[in-house]
2 protein chains.
Amino acid sequence: MPARIEDVAAAAGVSMKTVSRVFNREPNVRERTRQIVLQVAEELNYRPNPSARSLAGNRSYQVCLMYDNPSSNYVMEIIGGVLDACEGHRYGMMLRPLDYTSEDHVESAREMLAQYRPDGLVLTPPLTDDERLLEVLRDSGIPYASVSAQSHHASMGATLDERCAVAEMMAHVIALGHRRIAHITGHPAHGARAWRLDGYLDGLKQAGIEFDSTLVVEGEFSFESGVAGARQLLDGPSPPTAIFAANDDTACGVICEALERGLAIPGDLSVFGFDDTPMSRHVWPSLTTIRQPSREMGKVAAEQLLRFIREKVPGGIVRIPYELKLRRSTGRAPG
Amino acid sequence: MPARIEDVAAAAGVSMKTVSRVFNREPNVRERTRQIVLQVAEELNYRPNPSARSLAGNRSYQVCLMYDNPSSNYVMEIIGGVLDACEGHRYGMMLRPLDYTSEDHVESAREMLAQYRPDGLVLTPPLTDDERLLEVLRDSGIPYASVSAQSHHASMGATLDERCAVAEMMAHVIALGHRRIAHITGHPAHGARAWRLDGYLDGLKQAGIEFDSTLVVEGEFSFESGVAGARQLLDGPSPPTAIFAANDDTACGVICEALERGLAIPGDLSVFGFDDTPMSRHVWPSLTTIRQPSREMGKVAAEQLLRFIREKVPGGIVRIPYELKLRRSTGRAPG
DNA sequence: CTGTTAGCGCTTTCAT
DNA sequence: ATGAAAGCGCTAACAG
């Protein structure tokens, strides 16, 4: 049987409450007393019982990560970040996959809240933009932090200036001589679709290149939409010399379709994506992309949340820096 | 405030214990009583409090998934499977990433067990083969199930006959006319290294092809080891016409290196991998590989574990079927 | 088949 | 700065 708080209290010659104070880092414990308690606890190999703590404290000491699997890599990075943040706070993490296209996903979220009572939530895109879900969360009074947070949807989280990042990458590609640059957009349910599209438009405008609507085709952040988009663009009357795919999956679809047609990359066509997934280094040619430090963002979001839970100080939205990754899929414009 | 078991008992005109029986699907409750309890609970929107349940029942109602991130996709699949299994049992899942190369990973595991007291564990490779870790688990008395279970390491879990799968794939490639087939092995810490190598040897033997040790080079399940292995093999005096890479990551490295040298795939070189990761469909040319239904395996392993936890019936090791995925990276041998 | 009683190990509240 | 007492909401053990 593991040692209980009572055992530690007895052995240290103090009350249970004092031991509790020490373990919860509460004030009003003499340093000397604290030392004794910690040492005795160590000797007895004491670990607070999480269930008892939760029950008595009326908190679950659990944070819930809700996601709608956009990509495994992305979610695993976020998971890692959230776990990192939880570590230091003696908090656990629970996972809740949600399919935002399903009719009852909001109901399912509500049910989860009722059953498991997490003390807070971390949300990833596109759930961060799901108004019906956010409404339920706000009604429930459970605090949440967003990865990829926008101030009108969340009060805390981590964010990245995707628009600015894309504009910067556009400038780079334009400097390589490209003028006909196409864009395959992201999925409409994601806020990122608009931010990345805006960055594309900004890039054109800043270079004084006129917008050509035939160079923008709809995608959905998938490999398949990259293949389809590339087909549409490359079959057009005057095809682009460069394609900005809204994420790396889409970019891989573009690369496949281009190679399939015998085009050289980047000789005939430059391609760039967004996310810097591991795959972007593992395809041929390696993919120029924009690095989004997802793990860091997950960690920061969770930290904002935990700070709020524990200290009731409203955590804000933290801006995380991006990074351009220039690889082999982009090069000088042909001709 | 949410309804408590006491409220339900009062409203239903029964004792707390009867309500408890109903919610825990225990026997000895008249069907009529059961109905009433369930209806009243529904009306009061009652949800059992997990902490109270754990505390009183001296169980955490949590399963811990331990992994040493071989690949995000793999882990996410397993997570999905374990969550699927937990769903029906009102169990939660906690995550414990472990780095088996770190000196203190066993200690860290022990600490986790002491703090969070999961009722059972699900292990993924290569932790399934980590004798020091397994010893700690057996000492602790906490049951565990393995994904990719071997009977001498685990008493329950899910397994897949990798050896047989590889041999079957070898037969296919040999039927395409290949004789000089190389192998880039997996990481030595994984049991899979040996199983897949054995399958390769079986394949050669069954076709009466003599084993050539210069055609086997060491890898480690990484993209980079694929690149390095391909270099070594293709630079040799009489290079192979086909390469079996121990997993898809490695195979991608092989493909990249081959394309880099201007080789046509599968015209000059056939390549095949193992795992059927999403990437295998998203590279060019698409990759011939062996499908391992990881999610299903995670689910089955967790189910075996949960059955054991709840009913004390020793779960066994369940064999899961594999599937050959013939894609574009393999073709007739040149010449 | 159903109920009663006594905790589980901690935190809360209030007293000192 | 520290402690005593009273629960948190449930299940275990036993009684009927």
Side-chain angles (χ1 to χ4, degrees), chain A residues 1-38 40-41 44-62 90-92 114-117 119 309-310, chain B residues 1-38 40-41 44-62 89-92 114-117 119 309-310 312:
Chain A
M1 280 299 103
R4 297 157 307 156
I5 196 172
E6 193 181 337
D7 305 326
V8 177
V14 298
S15 73
M16 279 164 56
K17 181 62 207 177
T18 297
V19 178
S20 173
R21 285 203 179 88
V22 170
F23 272 83
N24 291 300
R25 296 185 184 79
E26 283 173 31
N28 296 335
V29 179
R30 223 193 328 166
E31 180 56 23
R32 173 99 185 99
T33 314
R34 214 179 70 86
Q35 296 296 348
I36 295 174
V37 167
L38 285 176
V40 169
L44 296 181
N45 202 26
Y46 170 70
R47 300 283 182 294
N49 180 315
S51 317
R53 230 160 71 92
S54 295
L55 182 59
N58 195 28
R59 264 162 286 163
S60 64
Y61 294 100
Q62 292 262 343
R90 293 203 299 160
Y91 255 75
Q115 270 196 38
Y116 295 103
R117 308 168 201 203
D119 296 339
I309 290 173
R310 297 182 46 145
Chain B
M1 280 300 102
R4 298 157 305 157
I5 196 171
E6 195 182 336
D7 305 326
V8 177
V14 299
S15 73
M16 280 163 53
K17 182 62 207 175
T18 299
V19 178
S20 173
R21 285 202 178 90
V22 170
F23 273 83
N24 292 301
R25 296 187 185 78
E26 283 173 30
N28 295 335
V29 179
R30 220 188 338 159
E31 180 56 22
R32 172 98 185 99
T33 314
R34 215 179 70 85
Q35 297 293 349
I36 295 175
V37 167
L38 284 176
V40 169
L44 295 180
N45 202 25
Y46 170 71
R47 301 283 182 295
N49 180 316
S51 318
R53 231 159 72 93
S54 297
L55 182 59
N58 195 29
R59 266 163 285 163
S60 63
Y61 295 101
Q62 292 262 343
H89 294 259
R90 293 204 299 161
Y91 255 75
Q115 270 195 37
Y116 295 103
R117 308 168 201 203
D119 296 339
I309 290 174
R310 298 183 44 147
K312 294 296 168 213

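A, B, ... follow the sequence lines: proteins, then strands. Residue 1 opens every chain. Below, each value reflects all heavy atoms present in this structure, side chains not excepted, and no hydrogens, waters or symmetry copies.
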Does B/Met16 offer a backbone N or O that forms a donor-acceptor pair with the side chain of B/Ser20 under 3.5 Å? no
May I have the distance from B/Gln115 (atom CD) to C/dC10 (atom P), rounded to whole angstrom? 13 Å
Looking at A/Ser15, does any N or O in its side chain come under 4.0 Å of the phosphate oxygens OP1/OP2 on D/dT2? no
Could you check whether B/Pro27 gets within reach of a base, just the sugar-phosphate, or nothing at all, counting any heavy atom under 4.0 Å? nothing
Give B/Asn49 one of three labels, base, sugar-phosphate or nothing, depending on what nucleic acid heavy atoms sit under 4.0 Å from its own. sugar-phosphate
Counting C-beta onward and ignoring hydrogens, is there a side-chain heavy-atom pair between B/Val37 and B/Arg21 closer than 4.5 Å? no
Output yes when a side-chain donor or acceptor of B/Arg310 lies under 3.5 Å from a complementary backbone atom of B/His89, and no otherwise. yes
For A/Phe23, answer base if it contacts any base atom (sugar-phosphate contacts may also be present), sugar-phosphate if it contacts only those atoms, and nothing otherwise; contact means non-hydrogen atoms under 4.0 Å. nothing
Using only modelled atom types and a 3.5 angstrom limit, is any donor from either the side chain of A/Arg21 or the base of D/dT2 paired with an acceptor on the other? yes
Any side-chain donor paired with an acceptor under 3.5 Å for B/Arg90 and B/Asn24? yes
May I have the distance from A/Arg53 (atom CZ) to D/dG9 (atom C1'), rounded to whole angstrom? 18 Å
Nearest of C/dT2, D/dA13, C/dG9 to any side-chain atom of B/Thr18? C/dT2
Whole angstrom is fine here: how far is it from CG in B/Asn58 over to C1' in C/dG9? 11 Å
Between D/dA12, C/dT13, C/dG9, which one does the side chain of A/Lys17 approach most closely? C/dT13
Roughly, in whole Å, what's the span from CG in B/Asp7 to C1' in D/dC10? 13 Å
Closest to the A/Asn24 side chain: C/dC8, C/dC1, C/dT11? C/dT11
Do the side-chain N or O atoms of A/Arg4 get closer than 4.0 angstrom to the phosphate oxygens (OP1, OP2) of C/dG9? yes
What is the distance, rounded to the nearest whole Å, between atom CZ of A/Arg117 and atom P of D/dG9? 9 Å
Could you check how far CD1 of A/Ile5 sits from P of C/dT12, rounded to whole Å? 11 Å
Picking from D/dA1, C/dT2, D/dC10, which would you name as closest to the side chain of B/Thr33? C/dT2
5' precedence on DNA chain C between B/Glu31 and B/Leu55 (nearest-nucleotide basis): B/Glu31
Value in whole Å for how far the P atom of C/dG3 lies from CD of B/Glu26: 14 Å
Can you tell which of D/dC10, D/dT2, C/dT2 lies closest to the side chain of A/Val29? D/dT2
Whole angstrom value for the distance that separates P of D/dA13 from CE of B/Met16: 16 Å
Taking every heavy atom of B/Asp119 against every heavy atom of B/Ser60, the minimum-distance pair comes out as OD1-N, 3.0 Å
Reckon B/Arg59 touches a base, only the sugar-phosphate, or nothing at all at heavy-atom distances under 4.0 Å? sugar-phosphate
A/Tyr61 versus A/Ser54, closest heavy-atom pair with distance: CD1-OG, 3.7 Å
B/Tyr46 side chain near D/dC10 phosphate (N/O to OP1/OP2, under 4.0 Å): yes
Using a distance-only criterion (donor-acceptor N/O pair, under 3.5 Å, no hydrogens), is the base of D/dG9 paired with the side chain of B/Arg47? no
